[in-house]
S.K.: 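Structure in structure tokens, see below.
All ligand and atom numbering here is 1-based and tracks the order in the structure.
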Amino acid sequence: MHKILILPGDGIGPEVTAEARRVLETLVDGGDLDLSIEEGEIGGVSIEANGVPLTDETIDRARGADAVLLGAVGGPKWESIERDLRPERGLLRIRAALGLFSNLRPAILFPQLAAASSLRPELVAGLDIVIVRELTGGIYFGQPRGIDTGEHGERRGYNTLVYSEDEVRRIARSAFDVAMQRSRRVTSVDKANVLESSELWREIVTETARDYPEIELSHMYVDNAAMQLVRAPKQFDVIVTGNLFGDILSDAAAMLTGSIGMLPSASLNAEARGLYEPIHGSAPDIAGQDRANPLATVLSVSMMLRYTLDRADLAERVDDAVFAALDRGLRTADIAGPGDAAVGTRAMGDAVVKRLATNGG
Ligand code: NAD
């Protein structure tokens, strides 16, 4: 039996995770899945209850779970408190505690929503790519780093871009494993024409690919990748890259879809256990009003089924239920077009769950 820990968090977090929980429960009730679901506190709600954004007890429960589903944290109420006690610290702590080094950021654009993109619909309709970003190494963590004053009194700031063979090997494996669940094409993005760390990156990714003969691997310089992402994004399937390049490219790719309420994410550790969460925040402006789009969190459940629970069949059923709800014309306010009547969080969840209950395998 799998164990899932849900951490709803703040703002719209409880509303969107409630719908995602119903999706999991529908699969359990239909006899498709055997799992236990627990809930815990993170972020502002944990500060209110326990004085800290994440307790050691919750970390232990997260470590004991196969997967964690997180809503969102933060809000105006906690913006002025000491930095170390802010809700966002809870997120950083749980990522570190679970050793999550592989960040999966899909950019999916359902054809029904193609008009929301800043690109022409024919370039993006049906877009479905995953950016696998190394999350715990590279220039964001490399030593030495700092700002100091040189001989002539002029200050200089510096950081170190460093990747070890092991770090590259494990993120490459993670990306290849993801690609094996998809169309088996991986583009590794680097800057090997200028950076030695990228030269090693390319060498190790190529070497690791020998263990995955089914994978079609290509390499691309990051400047070209940025250009190709806005020129012809559908040429990509899985992109694997380092922390800095991944940070930038994944945000650019997300914006191709034009709908923050639709985008899921996953962060995995070496055992493919993970933390699944929508990429959006706690949206305090619409919290508690039944206006939040729950689909990013529902699609995070789909990723959980695929990448941690190894149930691609059920992930496809969830994706299909989301597709069907959109096809019926259901839109929450964030994705509604000019003439569309918007439905609420709960009604969108109802539509997905209803379809899921009837599209059994
Ligand atoms: P946000 O993502 O919460 O909201 C940005 C805009 O998008 C808002 O207008 C909001 O109403 C809308 N939006 C977001 N998710 C939506 C959804 N599911 N359905 C419909 N509309 C949606 O970003 P923000 O306003 O910059 O931040 C608000 C709070 O969230 C801050 O406290 C911030 O620190 C926190 N935050 C948390 C996370 C996280 O938990 N991972 C990520 C980003 C921001």
S.K.: How close does the nearest protein non-hydrogen atom get to atom 7 (O) of ligand 1, and which residue and atom is it?
M.R.: I260 CG2, 3.9 Å
S.K.: Could you list which atoms of ligand 1 come closer than 4.0 Å to a heavy atom of E277?
M.R.: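 In order of number, 41 (N).
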S.K.: Tell me the protein heavy atom at minimum distance from atom 1 (P) of ligand 1, and give that distance in Å.
M.R.: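 Here the closest protein heavy atom is G281 N, 3.5 Å.
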S.K.: Just to be sure I read this right, does ligand 1 sit under 4.0 Å from the backbone of D285, its side chain, both, or neither, counting only heavy atoms?
M.R.: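 Answer for D285: side chain.
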S.K.: Please state which protein non-hydrogen atom is closest to atom 3 (O) of ligand 1 and give its distance, to 0.1 Å?
M.R.: A283 N, 2.8 Å
S.K.: To the nearest 0.5 Å, what is the distance between OG (S267) and CZ (R273)?
M.R.: 15.5 Å
S.K.: For ligand 1, does L70 get within less than 4.0 Å through its side chain, its backbone, both, or neither, judged by non-hydrogen atoms?
M.R.: neither
S.K.: Return the option from I12, D334, T345 holding the heavy atom at the smallest distance from atom 16 (C) of ligand 1.
M.R.: I12
S.K.: Could you check whether atom CD of E154 has more than 12 heavy atoms from other residues, nucleotides or ligands sitting under 6.0 Å from it?
M.R.: no
S.K.: Which residue and non-hydrogen atom of the protein lie closest to atom 29 (C) of ligand 1, and at what distance in Å?
M.R.: S282 OG, 3.2 Å
S.K.: Nearest 0.5 Å, please: how far is CG in L123 from CG in L109?
M.R.: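 So the CG of L109 and the CG of L123 are separated by 11.0 Å.
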S.K.: Distance only, no hydrogens: is a donor on one side chain within 3.5 Å (strictly under) of an acceptor on the other, for N293 and T332?
M.R.: yes
S.K.: Would you say atom 25 (O) of ligand 1 makes contact with the protein, given that contact here means a non-hydrogen protein atom less than 4.0 Å away?
M.R.: no
S.K.: At a 4.0 Å threshold, what atoms of ligand 1 neighbour a non-hydrogen atom of L91?
M.R.: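 Counting atoms of ligand 1 from 1, those under 4.0 Å from L91 are 39 (C), 40 (O), 41 (N).
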S.K.: How close does the nearest protein non-hydrogen atom get to atom 17 (C) of ligand 1, and which residue and atom is it?
M.R.: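 Atom 17 (C) of ligand 1 sits closest to the protein heavy atom N293 N, 3.6 Å.
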S.K.: Within this structure, what is the OG1-CD1 distance for the pair T241 and I131, rounded to the nearest 0.5 Å?
M.R.: 8.5 Å
S.K.: For atom 35 (C) of ligand 1, what's the nearest protein heavy-atom neighbour? Residue, atom name and distance, please.
M.R.: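 In this structure, atom 35 (C) of ligand 1 has V73 O, 3.2 Å as its nearest protein heavy atom.
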S.K.: Tell me, yes or no, whether the heavy-atom count around E216 atom CD, taken from other residues, nucleotides or ligands under 6.0 Å, exceeds 12.
M.R.: no
S.K.: Starting at CG of L92, measure out to CG of D84 and round the result to the nearest 0.5 Å.
M.R.: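 It is 10.0 Å, given to the nearest 0.5 Å.
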S.K.: Relative to atom 32 (O) of ligand 1, which among G9, G75, A296 owns the nearest non-hydrogen atom?
M.R.: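 Going through G9, G75, A296 one by one, G75 has the nearest heavy atom to atom 32 (O) of ligand 1.
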S.K.: Can you tell me if D340 uses its side chain to pair, donor with acceptor, with the backbone of R331 under 3.5 Å?
M.R.: no
S.K.: Just checking E214: does its CD atom have more than 12 heavy atoms from other residues, nucleotides or ligands closer to it than 6.0 angstrom?
M.R.: yes
S.K.: Between I286 and ligand 1, which residue portion shows a heavy-atom distance shorter than 4.0 Å: side chain, backbone, both, or neither?
M.R.: side chain
S.K.: Which residue owns the protein heavy atom closest to atom 33 (C) of ligand 1, what's the atom, and how far is it?
M.R.: E88 OE2, 3.9 Å
S.K.: Within ligand 1, which atoms have a heavy atom of A72 less than 4.0 Å away?
M.R.: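 The list of qualifying atoms is 40 (O).
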S.K.: Distance to the ring centre below 6.0 angstrom and angle to the axis at most 45 degrees; does that hold for R156 and Y158?
M.R.: yes
S.K.: Below 4.0 Å, non-hydrogen atoms only: which portion of P284 touches ligand 1? Side chain, backbone, both or neither.
M.R.: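 It is the side chain that gets close, since no backbone atom is under 4.0 Å.
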S.K.: Working to the nearest 0.5 angstrom, can you tell me the gap between R317 CZ and S302 OG?
M.R.: 12.0 Å
S.K.: Quiz question for you: does at least one protein heavy atom lie closer than 4.0 Å to atom 21 (N) of ligand 1?
M.R.: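 Given the 4.0 Å limit, the answer for atom 21 (N) of ligand 1 is yes, a protein heavy atom qualifies.
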S.K.: Could you tell me whether T332 approaches ligand 1 through its side chain, its backbone, both or neither, with non-hydrogen atoms closer than 4.0 Å?
M.R.: neither
